[in-house]
Structures are given as structure tokens and as C-alpha cells.
Amino acid sequence: MSSASLLALFGAMLIVALVPGPAVFAVIARTFSSGFSRGLMMIVGITLGDFIFILLALFGLSIISEIMGTTFLIIKYASAAYLIWLGINLIKSKATSEDIKASKESSLVASLATGLMINLGNPKAIVFYIGLFPAFIDVNQVVTVDVLAIMGIATLAFGSVNICYALLALRAKRVLKSPNALSLINKTAGTIMVSTGAVVAIKA
């Protein structure tokens, strides 16, 4: 692949990343509720989802997506249900020391798995990798080095933007430290999660 093709792909990925979608809102809500480390692990999971899409796009996503149509649908609704469940729990929770401690102790692996599921069921990601991605890549000319370069570009474009969103959420959380503010953060994060789950569930 030429440098021009890689640069064009990076630009396209960056534009897609900057437009907030289900993954971005989930990262913000997770960082709000459980801290930066959990938000970061969710970003790692989202990035792994991008890697899977890249491999599928390079080796026949359209065919595989038809074969795995039901599987993609199950992942989509499972991730939506999980986000809604997390959101409802946050909305119902109170900003006591026990609740905050429990939130901080939520599993890093769970955050990673949630990020992966969200991205695999994310309509925006599916549309990008099926519709736009092939316009930048000649799959018949791709070699191993190209695959690694594409993954690196995806990590830089999507990962850096998501980290910026997480840092903004963390900054907002640090400013608001009173119990009432923490309660508001929980309810806000919960509402974001429920809304994101609903969007994932109903969006084609």
C-alpha cells in the first residue's frame, strides 16, 4: 500500500472517530462511573473489535457477515441489553462510599469485553468497514505489513480520539466531588448508557 492510501484511510478513520457514536458514549459513561482505567480497558476492547472488522474486511466481510448475520445480531442485542442494565444500576445507585468503591472495583476484563461487544454490534462500525473501508484498500494487493499498518492506523485514529473523550469525562468527574455531584454523575452516566444501549438495539 502507498503512503497516500494509508494517509487517506487515516483521515477517513479520524473523521468517523470524531463523530460521537455508541462506543464514544459508552466510554464516557464508563469513565464517569468507574474511572479512567475502566474507560481505557473499554477502549482496548473497542480497538480489538476494529481489528476483527479489519481482518474480516480484508478477507471477505460481506460474505462472512451474511453467514454470521444471526451472530452479529445476537452480539448487537446482548451488548445493548448489558449497557441498559449497567445504566439502570447506575441511575438507581446512591453516591455512598460503598457504591463508589464497588464501582472502582468493577472488573477490567468486563470493561474490555463490553467495549469489544459494543463495537462488534455497532452499526456505525459495520457500515464503515463494509461500505467505506474497501474504497481505500485493494484487498487483492494487501500483504502482512499492510495489515499491521492498517491496524496501527486504526489504533491511532480511533484509540486517540476515544482516549481524549475519556480524559474529558475524567476531568469533569474530578471537578465534581461532592456527594450530590457524584450522584448526578452516576445518573448522567447511567442515562448515557441506557440511551446508548437503546440506540445500539434499534439502529439498523
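On a predicted model such as this, the values are computed, not experimentally measured, just so you know.
- How far CG of L120 is from CG of L56: 8.5 Å, rounded to the nearest 0.5 Å.
- Distance check, rounded to the nearest 0.5 Å: CG of D50 to CG of N162 gives 8.5 Å.
- In the hydrophobic clustering of ILVMFWY residues, with side-chain heavy atoms under 4.5 Å counting as a link, L9 and L18 come out together.
- Looking only at side-chain heavy atoms (C-beta outward), F158 and I46 stay at 4.5 Å or farther from each other.
- Each of F136 and I15 belongs to its own hydrophobic cluster when Ile, Leu, Val, Met, Phe, Trp and Tyr are linked at side-chain heavy-atom distances under 4.5 angstrom.
- Evaluation of the side-chain hydrogen bond (donor to acceptor under 3.5 Å, both in side chains) rule for S160 yields no partner, not counting sequence neighbours.
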Test side chain to side chain contact (heavy atoms under 4.5 Å, CB included) on L55 and M151 and set out the steps. CA-CA 9 Å; L55 293 175; M151 287 182 171; 3.7 Å; yes
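- At a cut-off of 3.5 Å, with distance as the only test, a side-chain donor of S111 or R30 sits close to an acceptor on the other residue.
- What you find for M13 and F128 is that their closest heavy atoms are CG-CZ, 3.7 Å.
- Taking all atoms of both residues into account, the shortest heavy-atom contact from A17 to V161 is O-CG1, 3.4 Å.
- Side chain of N119 to backbone of G115: no donor-acceptor contact under 3.5 angstrom is found.
- Across all their heavy atoms, A166 and I43 have their closest contact at CB-CD1, 4.2 Å.
- Between Y129 and F53, the ring planes are parallel. Angles under 30° get that label, and only those over 60° would be called perpendicular.
- Annotation: side chain of L112 is in contact with side chain of L48 (closest heavy-atom distance under 4.5 Å).
- How far CG of D146 is from CG of L6: 7.0 Å, rounded to the nearest 0.5 Å.
- Separation of atoms CG (L168) and SG (C164) is listed at 7.0 Å; rounding is to 0.5 Å.
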Take T31 and R38 through the side chain to side chain contact (heavy atoms under 4.5 Å, CB included) test and state the conclusion after the steps. CA-CA 6 Å; T31 304; R38 272 62 181 177; over 6 Å; no
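- For the pair L116 and I52, the minimum side-chain heavy-atom distance is below 4.5 Å.
- Side-chain heavy atoms closer than 4.5 Å link hydrophobic residues (I, L, V, M, F, W, Y) into clusters, and following such links, possibly through other members, connects L156 to F51.
- Note that CE of M42 is 11.5 Å distant from OG of S37, once rounded to the nearest 0.5 Å.
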